[in-house]
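For reference, the structure discussed in these notes is given below.
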Amino acid sequence: MPELIEVELYRRVVDRAVGRRIAGVDAPDAWFCKGVDPATLVAALTGRTLEGTRRRGKLLLVDTDGPVLGLRFGMTGRVLVDGAGPIERLEYSSGRDDPAWCRFGLRFTDGGDLALIDPRRLGGVELDPDEDRLGPDAATVGRAALRDLLARSQAPLKARLMDQARLAGVGNLICDETLWRARLDPARPAGSLTPAEVGRLHRHLRATIALLTERGGSHTGDLQAQRSRDGRCPTCHRLLLRRTVGGRTTYSCPHHQR
DNA sequence: CCGGATGTTCACCT
DNA sequence: GAGGTGAACATCCG
């Protein structure tokens, strides 16, 4: 699930726990603790109070009166506070809930808790993550900054937009939906966009993020509904082109996207 | 049974 | 240096 949109929903969930004090930490999976061993993580967080939450791209940051806790969700991670997640009616899970999938947890002194559930284990937790390894957040990036991060690059437009070090938060689904709405070919060299095209991309990037957030997730796009072999362009109903761009499966309309 | 999936990192090529 | 590819992680779904 997690792209920028989902992580923002998770941030609001974790925000419910701000002000609480950590009574205990569960870190049963050393592999899930990135750059720290579980014992160090437990010691660093126990007794701390949550002071606030932030998000940069797909990285969820939890400020405490001690270290900053970084939460990543990979492809299948989600977070629960006091057993509850975001108000998500389109949760795709088929009712599975294996306790072994809880990769990290906080117990609070008020009796509540936070749990990071991640079946595929592609997410992770980190202490004091290096936030500057990420580019500006895609939800708020300015037009000039977007222009600059695309300029002079021969890489495919899609690869550049999904390069988290240059622009943070855009995942495969948001990217395809945005480029379809902006009528831009994902394989175009990033640096080949005209100023008008950059403006269009900037407008559609923000509009698409806002729309999909309102609809409830990265998977609610119009193009997403056609993301299958015989998918067709929602606008002209021609068969969509399916190929790999920037290492990811990409759908686009060869008629509309240039 | 097989392939692919909303992500990231790293080794290894060109 | 810039890009590209494939592997790895573990599970579900078509």
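First the proteins, then the strands, lettered A, B, ... as listed; each starts at 1.
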From [atom1] of [X] over to [atom2] of [N], roughly how many Å is that when rounded to an integer?
| X | N | atom1 | atom2 | result |
| --- | --- | --- | --- | --- |
| A:Leu71 | B:dG7 | CG | P | 17 Å |
| A:Leu167 | B:dG7 | CG | P | 13 Å |
| A:Asn172 | B:dG4 | CG | C1' | 12 Å |
| A:Met162 | B:dT8 | CE | P | 8 Å |
| A:Trp101 | C:dC9 | CH2 | P | 18 Å |
| A:Asp118 | B:dT6 | CG | P | 15 Å |

Pair partner, C:dC12 [Watson-Crick or wobble, under 3.5 Å]
B:dG4

Please determine, for the side chain of [X], which listed nucleotide ([options]) has the closest atom?
| X | options | answer |
| --- | --- | --- |
| A:Ala159 | C:dG4, B:dT6, C:dG3 | C:dG4 |
| A:Met75 | B:dG7, C:dA10, C:dG3 | B:dG7 |
| A:Lys58 | B:dG4, C:dG3, B:dT8 | B:dT8 |
| A:Arg72 | B:dT8, B:dG7, C:dG4 | B:dT8 |
| A:Glu3 | C:dA10, B:dT8, B:dT6 | B:dT6 |

How about A:Arg21 and A:Thr109: does a side-chain donor come under 3.5 Å of a side-chain acceptor?
no

Any donor-acceptor N/O pair, A:Glu6 side chain to A:Glu3 backbone, under 3.5 Å:
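Checking the backbone N and O of A:Glu3 against the side chain of A:Glu6, a donor-acceptor pair under 3.5 Å is found.
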
N/O (side chain, A:Arg121) to phosphate O (OP1/OP2, C:dA10) under 4.0 Å:
yes

Indicate, with a heavy-atom threshold strictly under 4.0 Å, whether A:Ser228 touches base, sugar-phosphate, or nothing.
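A:Ser228: no heavy atom of the nucleic acid under 4.0 Å.
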
Within the 4.0 Å heavy-atom criterion, would you say A:Gly171 contacts the bases, only the backbone, or no part of the nucleic acid?
sugar-phosphate

